[in-house]
Each structure stands twice: as C-alpha cells, then as structure tokens.
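What follows is one structure encoded as structure tokens, with my remarks underneath.
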There are 2 protein chains.
Amino acid sequence: MQTIFAALAEPQRLRIVDLLRRGPRAVGEIQGALRLRQPQVSKHLKVLQGAGMVAVRRDAQRRIYALRPQPLAVLDEWLEPYRRYWNTRLDALEAHLDTTADQPRTRRSTKRA
Amino acid sequence: MQTIFAALAEPQRLRIVDLLRRGPRAVGEIQGALRLRQPQVSKHLKVLQGAGMVAVRRDAQRRIYALRPQPLAVLDEWLEPYRRYWNTRLDALEAHLDTTADQPRTRRSTKRA
DNA sequence: ATCGTATATTCTCTTGAGGGAATATTCAAG
DNA sequence: CTTGAATATTCCCTCAAGAGAATATACGAT
C-alpha cells in the first residue's frame with residue numbers, strides 16, 4: 001500500500017502510469033511522449049516495477065513496459081471502507097467544516113459532538 | 001491528485017487517516033493511539049490539511065480533526081478509467097508477464113503485441 | 001568481430017521531507 | 001494577569017529521492 005502511494009506520488013511516475021494505461025510502450029516511446037530523458041525514464045520504471053505496477057517484456061533490444069492491474073486493484077480495495085464512510089458524510093455537514101483555517105465563531109450545535 | 005498521493009505515501013500519515021476513519025479525534029488522542037510525539041502529529045496533520053484531507057474544529061484548547069471525504073472521492077474517480085482497464089486484463093495474460101525480472105524465453109504469440 | 005540502437009546503471013549534486021528537542025501560542029480557569 | 005493544559009511552530013540535523021551527465025550493457029545487423 002505504502003509502496004503504491006509512494007510510487008504514484010512522483011509526478012513523472014504518475015504521468016507514466018497514465019500513459020501506460022493506453023497500452024504498453026517501449027522506453028523510447030515513453031521518453032518521447034513525456035519529454036523526459038532516457039535515464040530518468042528507466043529509473044522511474046524501475047521504481048514502478050519495484051511496486052509491482054509494471055511488467056516488462058522484451059522485443060529485440062527494446063523493453064516493452066505494460067501496466068499491471070493488480071496494485072491499482074489493491075488500491076481500490078483499500079478505498080472500500082472509505083466509500084462507506086463518505087457515503088455517510090458527503091450529504092450533510094461537509095461544507096460546514098473549514099479546511100485550512102479554523103472556524104471563526106458559529107457555535108453550531110447540530111454538528112455532532 | 002499528486003498531493004493526495006504524497007500525503008498518503010507517508011506511513012504515519014496513512015495511519016492517521018486510517019484512524020480518523022473511525023471518527024474525529026483530538027491531537028492528543030491521535031498521539032496516544034499511534035504512539036507518536038505531539039509535534040510530529042501536528043506536522044502530519046498540517047500536511048493532511050494542506051491536501052484537504054482533514055478538517056479542524058475547535059473544542060476549548062483542543063483541536064478536533066476529522067477526515068474529509070472529498071479527496072478520497074477524487075482518488076476514487078481517478079481510479080475509474082483503470083477499473084475498466086483491469087476488468088479487461090485481470091482474467092487472462094496476467095500471470096504471464098514477469099514483474100521483476102524480464103521474461104526468459106517463451107515466445108508466446110497469443111499475447112497481444 | 002564490429003557497430004549502432006535501445007536501455008540500464010553509476011556517480012555526483014542538490015533539495016526537501018521527516019524526526020527530535022525546545023519554544024511559542026492559544027485558551028480556560030482561577 | 002497568572003497558570004496549566006493542549007497544540008502549533010521553529011530550528012537543527014540527517015537521509016534519501018530525483019535530476020543530470022557519463023558510461024555500461026544487451027542485442028541485432030552486417
């Protein structure tokens with residue numbers, strides 16, 4: 001889980017994943033599509049591979065990388081309990097709470113505590 | 001999106017989120033439950049807040065943190081196109097591909113490319 | 001055996017994230 | 001206005017992640 005999040009936390013890596021969703025690609029293709037340097041592409045792919053998110057196949061001297069569904073499926077499962085959670089809350093009492101700063105005054109007693 | 005992943009990539013932060021799923025908590029409670037030091041808890045909460053993942057409410061000199069559903073809902077949406085993806089692939093041709101190393105030989109032509 | 005293409009690896013450098021300790025701030029109570 | 005509890009902030013330190021450049025490796029072609 002941690003590994004999956006970490007892998008996706010990196011911008012370029014997320015781009016790669018998003019690209020691979022449309023089908024397998026060779027390193028060079030990824031490089032071209034995302035305007036990255038070849039070594040960085042390889043490095044990122046290595047990380048993604050370490051997270052089990054991509055699989056490699058050989059084609060002569062090229063390596064074709066493909067997205068592996070499993071880790072994202074795991075992510076999906078992880079999300080499951082939260083889905084119930086927000087189905088409960090998303091309706092009411094959402095906009096009430098202030099995200100960044102703390103609520104000015106407004107002692108609203110209908111809240112919950 | 002990036003921000004969400006980054007926020008959840010940190011182990012302690014993931015623990016906090018998982019804890020808050022069971023209901024809002026004051027900083028001290030989180031601290032006690034997860035065996036962390038108070039400053040780190042505050043810091044992590046700040047990051048989570050920056051990602052819009054928690055909301056704060058005041059209770060005297062305590063701050064009650066609650067999980068905000070929205071970012072996780074966003075994550076859920078992000079996952080959507082992938083769901084189609086793995087529904088297509090998860091059945092066959094999954095175990096074929098080698099994750100960590102590259103395929104030894106086996107020129108299987110039923111694959112796809 | 002050589003060469004050229006595609007990709008991986010190594011090295012170095014820089015930057016930011018996270019931990020720890022100390023300190024500041026906020027607030028209620030008296 | 002002082003005090004104590006709860007929380008936030010600051011400062012310092014360390015470490016690892018990511019970029020860039022250079023180089024190594026793998027493999028097909030000739």
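To find a chain, count down the sequence lines: A is the first, B the second, and so on, and within it residues start at 1.
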**Message:** Does C/dA8 have OP1 or OP2 under 4.0 Å away from a side-chain N or O of A/Tyr65?
**Reply:** yes
**Request:** Report whether B/Ile4 and B/Val47 are members of the same hydrophobic cluster (ILVMFWY, side-chain heavy atoms less than 4.5 Å apart, transitive linking).
**Result:** no
**B/Arg58 CZ to D/dT7 P, straight-line distance once rounded to whole Å** = 12 Å
**Prompt:** D/dA17 P sits how many Å from A/Leu14 CG, rounded?
**Reply:** 18 Å
**Message:** Any heavy-atom pair between the side chains of B/Leu75 and B/Leu8 that's under 4.5 Å?
**Reply:** yes
**Asked** Tell me: CD of B/Gln2 to P of C/dA17, nearest whole Å?
**Response** 13 Å
**Asked** Using a cut-off of less than 4.0 Å, is there contact between a side-chain N or O of B/Arg62 and OP1 or OP2 of D/dA5?
**Response** no
**Message:** Quick check: any donor-acceptor pair below 3.5 Å linking the side-chain of A/Glu10 to the base of D/dA17?
**Reply:** no
**Asked** The side chain of A/Pro39 lies closest to which of these nucleotides: D/dA19, D/dA21, D/dT7?
**Response** D/dA21
**Asked** Please give, in whole Å, the distance from D/dA6 C1' to B/Gln61 CD?
**Response** 6 Å
**Item:** B/Tyr65 six-ring centre to B/Arg57 NZ/CZ under 6.0 Å and within 45° of normal
**Value:** no
**Item:** Whichever of B/Arg13 and A/Leu45 has its nearest DNA chain C nucleotide further upstream toward 5'
**Value:** A/Leu45
**Asked** Start at the 5' end of DNA chain D and walk down; is the nucleotide closest to A/Ala9 or to A/Gln38 reached first?
**Response** A/Ala9
**Prompt:** Under 4.0 Å between a side-chain N or O of A/Arg63 and OP1 or OP2 of C/dT7?
**Reply:** no
**Message:** Nearest whole Å is fine: how far is C/dA21 C1' from B/Leu36 CG?
**Reply:** 16 Å
**Item:** Helical bend (five base pairs per end, nearest 10°) for the helix from C/dA1-D/dT30 to C/dG30-D/dC1
**Value:** 20°
**Request:** Measure distances between side-chain N and O atoms of A/Gln40 and base N and O atoms of D/dG20, and say whether any donor-acceptor pair falls under 3.5 Å.
**Result:** yes
**Asked** Any donor and acceptor pair, going by atom type alone, linking the side chain of A/Glu29 with main-chain N or O of A/Ala26 inside 3.5 Å?
**Response** yes
**Request:** Output yes when A/Arg83 and A/Asp76 qualify as a salt bridge under the 4.0 Å nitrogen-oxygen rule, no when they do not.
**Result:** yes
**Message:** I want to check one thing: is the phosphate of C/dG19, taken as OP1 and OP2, less than 4.0 Å away from some side-chain N or O of B/His44?
**Reply:** yes
**Asked** What's the NZ-P distance between A/Lys43 and D/dA16, to the nearest Å?
**Response** 17 Å
**Below 4.0 Å: OP1/OP2 of C/dA21 and any side-chain N or O of B/Arg37** = yes
**Asked** When the distance from NZ of B/Lys46 to C1' of D/dA6 is rounded to whole Å, what number comes out?
**Response** 17 Å
**Request:** Please examine the side chains of A/Leu45 and A/Arg63, heavy atoms only from C-beta on, and report whether any two atoms are closer than 4.5 Å.
**Result:** no
**Request:** Could you tell me the separation between the CG atom of B/Leu48 and the C1' atom of C/dA17, rounded to a whole number of Å?
**Result:** 14 Å
**Prompt:** Looking at B/Asp59 and B/Arg62, does any basic side-chain N land under 4.0 Å from a carboxylate oxygen?
**Reply:** yes
